[in-house]
Asks: 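Structure below; questions to follow.
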Amino acid sequence: MITISQKKNTTFYGRVAAVAFPVAIPGIYDYEIPDKFIDRVTPGQPVLVEVKKSRIWGVAVEIKADSAVADKVKLKEIIDIKEGHWADSNKSLLKLYEWIARYYQCPVGRVFRPVVGKSVINKKAKTITVYRYIDTQAASTSINRRDGGVNTDKQRLALEQIKSCPEPLSAAQLATRFGIAASTLSALCKKGYLSKELKTVFRSADELAFPFAEEKEVILSAEQLACVERVAASFNTPDKPFLLYGITGSGKTHVYTELAKRVLAAGRGVIILVPEISLTPQTISRFRAAIGDAVTVIHSRMSDGERRDSLQEIVTGRRRAVVGVRSALLCPMEDVGLIVVDEEHDGSYKQSDTDPRYNARDAAVMRGHIQGAAVVLGSATPSLESYRNALTGKYNLLTLTDRFGAGLPAVKIVDMTVEHREKNWTAMSRYLAVRLEEELSLGRQAIMLLNRRGFSTSLLCRECGYTHNCPNCSVNLRYHKADTVLKCHLCGHEEPALESCPKCGGLKIKYKGTGIQKAEEMIRERFPAARILRMDQDTTRRKGSHAAILDAFASGGADILIGTQMVAKGLNFPNVTLVGVLHADTGLHFPDFRASERTFQLLTQVAGRAGRAELAGEVVVQTYCPGDAAVRFAAEHDYLSFYEHEIKHRRELSYPPFGKIARVVVEGGDEAVVAGFIGKAARMIGVNAGTDAGKIKVLGPTVAALARVDNVYRYSMILKSSSPGALSDALIEIRKSAASGIPSGCKCVVDVDPQNML
Ligand code: ADP
Ligand code: ZN
């Protein structure tokens, strides 16, 4: 680890701690450990120190011995420390945090953000006043026989009610539950029958606040049980991670819950990662039903207080299981025995927008290794990386091939070019329209997928050909019809919808392309009696809105759920018998080497939503590229053939899983300066790579696919290498040169194992 001393040539009195910070302070700085804390500060300890006149919590990452130096200037002292659980857990996880920082090339302090970040560590526990019944006499004495102090029926009744509660309750709770008035409570307090006390409450996420449905008792099938037994056999001596490849609906979740039960019974902790918030409500209720109140949650839509309390429950060991999104992987849980990464292929496990740019799936493998936990990566469409790891023996492969319920749905591919040729210009093929009609008339439900926000995709003047772009970004604006505005999906820029062409004044403005809002409108017009719900980024802004939409659909409150990729994953609706993919190729032509893999995954996942229970399902896939491998193999539910097909391309082009890649993005307000700096960095790597027998291949630099975002110009290059060491060295060089010489106003981002190629 590189340690940058805060002040050079300093005299050390006593011992010194090197401290890293969860904020934008890249270095590690030395602080003196004052006498009162001597021998109480160890690596991993949260410490409060002063940086540039403000107090901030950091983490001691190294303790150094006294060193005598010439300069008289003293180091600043550590002001406060956190001991107990937080310190213990950080200590045991320091290795993981340091691995993440090293592997993903970011300051180690950043990795601590989820656990010592301001929002977490400064939050206090929430307390409420509760009323406790005082039993002044022997247990056998009833209130009626006491001294006549309780002199009204109201008070007597209230006292009986309070006495019957297993836990002391607050005035508000007593009022709602029993209708006890505040005046009654204070009278009873005065007479000595009740005492007031402060109780710490757990600010739980909504997912925990509501009761859960009982999970139906299932008897594991032979193949499910075989998977459980193989993982369980490794609990005491886990050697490699497991890849659980199980088709959609094969019961992977039952395998996870059974494993979780066993690990909890052995007294060890469980971490379950799920990709996205839209997935959590159902998943959480299934885990709660299976393992009860041991579960807490962590996701991005919790308040700071809820997050703090959730972490507090975990760190104190009061809850030994967490279901959460990627950051849950960093949670301060000791003695973890099982880590599950559900839908392991999902790109959202990679943090792409800010440091640490880690992939929680890969970090899970490392955490499992460090804590001796079994790691299970599960998917119906494993990433090419993971499946190859299973084939080469780096992971253990487990498979589930049987589906419960009606079996895999039939998939019908509809060629939209034929529809157009035959004069159907709408976004719904004649076949899909007929099928939707049929299913709705039988009282069944349907899911329609269109992975495109907004109403239209672009805007064109038919008189002069003008297209209307965002003034700040290199993309076109999207029309949002409900509020008649044009929006930029990158920077959030909004302007009123155009009535005439800004260039020629013409009035023939055409909103081209079908976004999900236009699709919704079209379906409403064609099926006026159907009740329709839409789920996309625009309808799920509010906290709890995901769950509300899903609950409404699940309870039969709508006939059609139309949504973006949010609807494709993990959901389980027994009454859904038809899934329509309105435009399967939306993602196929993205400038990303994973475009085909992503399309295959999305289509397979959404196809898995139909026919989950007794009713058989059908999936209608509308496409302009019916011959494409991703579309074809997804329609045939043929993962292995897709893998064979796709892995060849990866091998030819040395993309992952063959060799590693990293992406370097330089951003800044002045395009020439941005291009100049990244060019210099590329030449530096090129020169060094040449001396190292071509270990590193540089693609680019070139204008990034998102060339301009919010008036920031973006250039990128990709480094490829079969040698992880050489790649890592090259990135260290680039970071060094950025740290010392990046032009002001520019930023250089290093992304190892990137998922986002825009
Ligand atoms: P996956 O996570 O692989 O998509 P799920 O765990 O959601 O699959 O299971 C799909 C459906 O099949 C669920 O309704 C589940 O309850 C049912 N199921 C799975 N395994 C069994 C089993 N052994 N017995 C009865 N039902 C099962
Ligand atoms: Zn914009």
Side-chain angles (χ1 to χ4, degrees), residues 213-228 243-260 272-275 279-287 289-290 323 340-346 376-382 398-409 453-454 458-459 468-480 485-495 554 568-576 601 604-615 617 637 639 706-714 758:
E214 281 294 312
E215 173 96 328
K216 63 171 190 259
E217 270 299 320
V218 299
I219 297 166
L220 293 184
S221 68
E223 65 171 8
Q224 289 169 343
L225 198 60
C227 292
V228 169
L243 175 65
L244 174 57
Y245 160 49
I247 61 169
T248 53
S250 58
K252 293 183 289 296
T253 312
H254 288 300
V255 171
Y256 307 150
T257 48
E258 176 61 24
L259 288 169
I272 291 143
L273 301 185
V274 290
L279 241 180
T280 38
Q282 282 199 349
T283 316
I284 290 167
S285 61
R286 287 183 70 180
F287 276 98
V323 179
V340 171
V341 184
D342 190 24
E343 312 286 359
E344 65 84 29
H345 62 274
D346 199 285
V376 179
L377 313 178
S379 177
T381 52
L398 306 173
T399 47
L400 290 176
T401 53
D402 297 334
R403 190 175 216 240
F404 285 80
L408 285 167
R453 276 177 67 200
S458 63
L459 200 155
H468 199 54
N469 287 340
C470 174
N472 312 320
C473 308
S474 56
V475 296
N476 46 45
L477 294 172
R478 306 295 176 98
Y479 179 42
H480 284 240
V485 289
L486 299 170
K487 279 190 198 171
C488 171
H489 288 178
L490 288 181
C491 73
H493 168 86
E494 269 191 42
E495 56 184 77
K569 297 171 181 174
L571 307 175
N572 208 348
F573 301 112
N575 198 35
V576 170
Q601 288 162 348
T604 308
Q605 297 288 335
V606 76
R609 295 314 114 212
R612 296 281 286 188
E614 292 73 33
L615 303 171
H637 305 288
Y639 173 79
L706 292 178
R708 188 165 56 106
V709 176
D710 211 358
N711 287 318
V712 170
Y713 291 88
R714 306 173 73 246
L758 302 178

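Counting from 1, the numbers follow the sequence of the chain as shown. For ligands, and for the atoms within them, numbers begin at 1 and follow the listed sequence.
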Asks: Ile219 versus ligand 1: do any nitrogen or oxygen atoms come within less than 3.5 Å of each other?
Replies: yes
Asks: Can any side-chain N or O of Ser474 pair as donor or acceptor with the backbone N or O of Ala707 at less than 3.5 Å?
Replies: yes
Asks: Using heavy-atom distances only, which candidate in Gln605, Glu343, His254, Arg403 approaches atom 15 (C) of ligand 1 most closely?
Replies: His254
Asks: Using modelled atom types and a 3.5 Å cut-off, is there a donor and acceptor pairing between side-chain atoms of Tyr639 and backbone atoms of Pro382?
Replies: yes
Asks: Below 2.8 Å, any N, O or S contact between Cys470 and the Zn ion (ligand 2)?
Replies: yes
Asks: Considering both backbone and side-chain atoms of Gly251, is one of its nitrogen or oxygen atoms within less than 3.5 Å of a nitrogen or oxygen in ligand 1?
Replies: yes
Asks: If you define the side chain from C-beta out and look only at heavy atoms, does anything of Arg453 sit under 4.5 Å from Arg478?
Replies: no
Asks: Please check whether Gly249 reaches ligand 1 - meaning an N/O of the residue sits under 3.5 Å from an N/O of the ligand, judged on distance alone.
Replies: yes
Asks: How wide is the angle at the Zn ion (ligand 2) between SG in Cys491 and SG in Cys473, to the nearest 10°?
Replies: 110°
Asks: Could you tell me whether the side chain of Arg708 and the main chain of Val475 form a donor-acceptor pair under 3.5 Å?
Replies: no
Asks: Please list, in number order, the atoms of ligand 1 under 4.0 Å from a heavy atom of Ser221.
Replies: 23 (N)
Asks: Run the side-chain contact (heavy atoms from CB on, under 4.5 Å) check on Leu400 and Cys227 step by step: do they pass?
Replies: CA-CA 8 Å; Leu400 290 176; Cys227 292; 3.8 Å; yes
Asks: Can you list the ligand 1 atoms lying under 4.0 Å from a non-hydrogen atom of Gln224?
Replies: 19 (C), 20 (N), 21 (C), 22 (C), 23 (N)
Asks: For Arg286, which part has a heavy atom under 4.0 Å from ligand 1: side chain, backbone, both, or neither?
Replies: side chain
Asks: For ligand 1, which atoms have a heavy atom of Thr253 less than 4.0 angstrom away?
Replies: 2 (O), 6 (O), 7 (O)
Asks: With Gln605 as reference, evaluate Thr381, Asp346, Thr248 under the side chain to side chain donor-acceptor pair (under 3.5 Å) test and give the passing residue.
Replies: Thr381
Asks: For the Zn ion (ligand 2), decide whether Cys488 has an N, O or S atom at a distance under 2.8 Å.
Replies: yes
Asks: Is the backbone of Ile247 close enough, under 3.5 Å, to the side chain of Lys252 for a donor and an acceptor to pair up by distance?
Replies: yes
Asks: Mind checking whether Tyr256 and Ile272 have side chains closer than 4.5 Å, heavy atoms only?
Replies: no
